[in-house]
Amino acid sequence: APLERRVLVGDSVADVLSDEEMNTLREESELVTGGYSEFELASYREGHLTPIFFGSALRSFGVRELLDGLADVAPGPKPVQSVDGPKIDLSNPEVSGFVFKVQANMDPNHRDRVAFMKLVSGKFRRGMKLRAADSTKQITVSSPIMFFAQDREIADEAFAGDVIGVPNHGVLRVGDSLSESGKLKYAGIPNFAPEILRRARVTDPLKAKHLRKALESLAEEGVTQLFRPTIGADMIVGAVGALQIDVMAERISTEYGLDVLFEQPPFETARWMSGDDEDLEKLESGYRLQLAVDLDGAPVFLAKSLWEANYVAEKHPKIRFMTTRERRA
């Protein structure tokens, strides 16, 4: 098999492995080469085929091959749909892009916040002034960062398809669009209704404000969601899986020095709401204790069960109950 010929170059593998291990290697390599389809670049780029790379990041085996393979077969940057209709492609001279990730405390000593921005068009130069869509504020990107694994360096220039890190102090959020004119806006990145809701409570009541700040900071990264009930001081965290809650608890402890407890609230799921003020007020009269707002201030209904969420939606047909919502919409 082709894989077997590659691994036996110079007999280095045969010198190390026993006969039994060599037989296992031959059998498994034959399974790999015979059980999978041949790689076709066109089929991959059409989304019908997924390449598989074998290796171990822990032992740095196959990492270089993975990176080289991605560089060889990954498609180049494509036009991106704007909210106003036309797609923006590489030929557009205006520098523009969108924030798809925010990372807090990359340097815990400085409480920094870095927004990861994918450039869609234009040639970016260090020190450029960019404007967020629907905002009058300009942002001077004086220290753009290029990342590779754990390494980072200041980028003097970048091109469409590149990702640059923009240090900021909470100004930028996931879903923001940036451009020279501030007029280009790209379709936002959606939030999905959480599968898990947890009430966050700090063990030291005197540090409640610190907990709120920590939760807001981490929620702005876009991995978890934060809901603030309109009545009471509870903070409800939403996540897709239990692991996200565990990671959040560890980060709050490590990065903010807080011991936080995540308790089961009387709610099971959440729905974003959209409707006339009059209709929303009618809903509020009967479910006042189950209303909240998300990090952007959008109204949210906290349902005690999926059945209740569907029942309330049927009872109030003029209100849209949504399982997804664009961030910063």
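Here the side chains of F116 and Q103 are in contact, with some heavy-atom distance below 4.5 Å. At least one side-chain heavy atom of I154 sits under 4.5 Å from a side-chain heavy atom of S143. Side-chain contact between I139 and N168: absent, with no pair of heavy atoms (C-beta onward) separated by less than 4.5 Å. Looking at heavy atoms from C-beta onward, V223 lies in side-chain contact with Q244 at the 4.5 angstrom threshold. The closest side-chain heavy-atom distance from Q290 to P266 is not below 4.5 Å. Contact annotation: the side chain of I236 never approaches that of L226 to less than 4.5 Å [non-hydrogen atoms, C-beta and beyond]. You'll find the side chain of D294 stays beyond 4.5 Å of the side chain of Q225, heavy atoms only. M146 has its side chain within reach of I164: a pair of non-hydrogen atoms, C-beta onward, lies under 4.5 Å apart.
Here D89 contributes atom CG and K87 contributes atom NZ; the two are 10.0 Å apart, rounded to the nearest 0.5 Å. Taken to the nearest 0.5 Å, the OG1 atom of T324 stands 10.0 Å off from the CZ atom of R271. Here L280 contributes atom CG and K318 contributes atom NZ; the two are 12.0 Å apart, rounded to the nearest 0.5 Å.
Remark: E216 engages R228 in a salt bridge, criterion side-chain N to carboxylate O under 4.0 Å.
Put simply, the residue from E94, E157, E180 that forms a salt bridge (Lys or Arg N to Asp or Glu O under 4.0 Å) with K123 is E157. Y186 pairs with exactly one of S177, S96, S179 by the side-chain hydrogen bond (donor to acceptor under 3.5 Å, both in side chains) rule, that one being S96.
Using cut-offs of 30° and 60° for the angle between ring planes, the F301 and Y287 rings count as perpendicular. Using a 30° and 60° split on the angle between ring planes, F39 and Y44 fall in the tilted class, from 30° to 60°.
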Trace of the ring-ring contact (aromatic ring centres under 6.0 Å, His included) decision for F227 with F267: CA-CA 12 Å; F227 304 112; F267 316 116; 9.9 Å; no

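The 12-atom threshold is not exceeded at OH of Y311, counting heavy atoms of other residues, nucleotides or ligands nearer than 6.0 Å. Atom CD of Q264 sits in a crowded spot, with more than 12 heavy atoms from other residues, nucleotides or ligands closer than 6.0 Å.
Counting only residues at least two apart or in different chains, ring pair (Phe, Tyr, Trp, His ring centres under 6.0 Å) contacts with residues 55-82 are absent.
Taking A160 as the reference, L90 meet the side chain to side chain contact (heavy atoms under 4.5 Å, CB included) condition, with sequence neighbours excluded.
For the residue pair S217/R113, the side-chain donor-acceptor check at 3.5 Å is satisfied.
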